[in-house]
Amino acid sequence: MAVAARKAGRAGAGAANKTTSTKGSTRGAAPNSPQFDKNQDLSAYNEMLLIRRFEEKSGQMYGMGLIGGFCHLYIGQEAVVVGMQMATKEGDQVITGYRDHGHMLACGMDAKGVMAELTGRRGGLSKGKGGSMHMFSKEKHFYGGHGIVGAQVSLGTGIAFANQYRENGNVCLTYFGDGAANQGQVYESFNMAQLWKLPVVYVIENNRYAMGTAVSRASAQTDFSKRGVSFGIPGEQVDGMDIRAVYAAGQRAIEHARSGKGPYILEMQTYRYRGHSMSDPAKYRTKDEVTRMREEHDPIEQVRRRLLESWKLSEDELKAIDSRVREIVNEAAEFATHDPEPDPSELYTDILL
């Protein structure tokens, strides 16, 4: 699905750079939102729905005791990673923090391998030894999954340095949250990236509450797109709940980095529907706030409406898509609960002394 999304994104690149009206196929579009053609909307819907259903199943399995340790769900933020992946080319890399299942799926990593890693089975993408926060795929250019807050920013900057050194034309998408944005290593990375004009796009997923504290209570500068101003790094705020806006901004930022102009910052204004992790009751916000975000800004529902109203798909067609996605997720869950656990000898492999 992820490969299809990337192809669909490139195929519709011309249309995506146009602004929309409120007529015809762009009915209900926000002002200046880029257009998506039917294939792009279908691909985006499939990709985001896969992440949503996978995370719902993960939460269910965690509640059943089949997944242990930490587990951070991506429900509500799906448009960010799917839209950004649509703007990439083969070879571009992704690195992120611990809320990473959605990023893995968007990169094309197998749902069975992701789920098996969550349950600690040998078929997991880190052989059952990494769990929710530590999965990697060299084949899919995915470099983790990191549990230390902000650690991935310096690592992503290093990947971008390697790209420049090798002259391979690749860009590293480095994701982190509004909480991690206050870490010191982030600004050391910004300085180096701009000094050496490294091909990196810093994607700040501002879901408003970090671990559980509102942005306004924890950050002196709440416009995260300006966090690179003192280094001369351009940035912009993006509606992270609208996949069309994410895709268009992703194209601009990636082209900037790929062309040798250095890093770019995208602040994705998004929202997580669940708590920070499965152990978080999220009492720091009201139920009405969450309900309002779901009803008025849900990224999947926005695409669903376009498919129904603009592209004239039927409810039965959309139900068929949902059924196929649920089948993929259920197969992944079945595999992850019956695959054997790693052999004890695996405790001594993949260790750097």
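The residues of the chain are indexed from 1 along the displayed sequence.
Within the 6.0 Å centre-distance limit, the rings of Tyr175 and His103 are counted as a close aromatic pair. For Phe136 and Tyr143, the ring centers sit 6.0 Å or farther from each other. For an aromatic pair to be called close, the ring centres must be under 6.0 Å apart, and Phe36 with Tyr247 satisfies this. Taking the centre of each ring, His146 and His134 stay at or above the 6.0 Å mark.
Ion pairing between a basic and an acidic side chain is recognised when a charged N comes within 4.0 Å of a carboxylate O; Lys127 and Glu117 show no such pairing. Here Asp350 pairs with Lys129 in a salt bridge; the nearest charged N to carboxylate O distance falls below 4.0 Å.
Annotation for Met211: atom CE does not count as buried by contact number, only 12 or fewer foreign heavy atoms lying within 6.0 Å. Counting heavy atoms of neighbouring residues, nucleotides and ligands inside a 6.0 Å radius, atom CG of Leu195 exceeds 12 of them.
A donor-acceptor contact shorter than 3.5 Å is absent between the side chain of Asn206 and the backbone of Met268. A donor-acceptor pair under 3.5 Å links the side-chain atoms of Ser314 to the main chain of Glu317, judged by distance alone. Looking only at distances, a side-chain donor or acceptor of Asp92 sits under 3.5 Å from a matching main-chain atom of Lys89.
Aromatic ring orientation, His72 versus His276: perpendicular (interplanar angle above 60°, classes split at 30° and 60°).
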task: Report the C-alpha separation of Asp298 and Arg304 in whole Å, then their side-chain angles, then the decisive distance to 0.1 Å, and conclude whether the side-chain contact (heavy atoms from CB on, under 4.5 Å) test is met.
output: CA-CA 10 Å; Asp298 186 76; Arg304 185 179 184 276; over 6 Å; no

- request: May I have the step-by-step check of side-chain contact (heavy atoms from CB on, under 4.5 Å) for Gln237 and Lys226, ending in yes or no?
  value: CA-CA 9 Å; Gln237 291 183 318; Lys226 294 180 179 178; over 6 Å; no

task: Dump the intermediate steps for side-chain hydrogen bond (donor to acceptor under 3.5 Å, both in side chains) on Tyr271 and Glu289, then the final yes or no.
output: CA-CA 11 Å; Tyr271 195 84; Glu289 178 183 303; 2.6 Å; yes

- request: Could you please spell out the steps behind the side-chain contact (heavy atoms from CB on, under 4.5 Å) verdict for Phe176 and Tyr202?
  value: CA-CA 8 Å; Phe176 57 105; Tyr202 297 112; 3.8 Å; yes

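Residues meeting the salt bridge (charged side-chain N to carboxylate O under 4.0 Å, His left out) test with Lys112, sequence neighbours left out: none.
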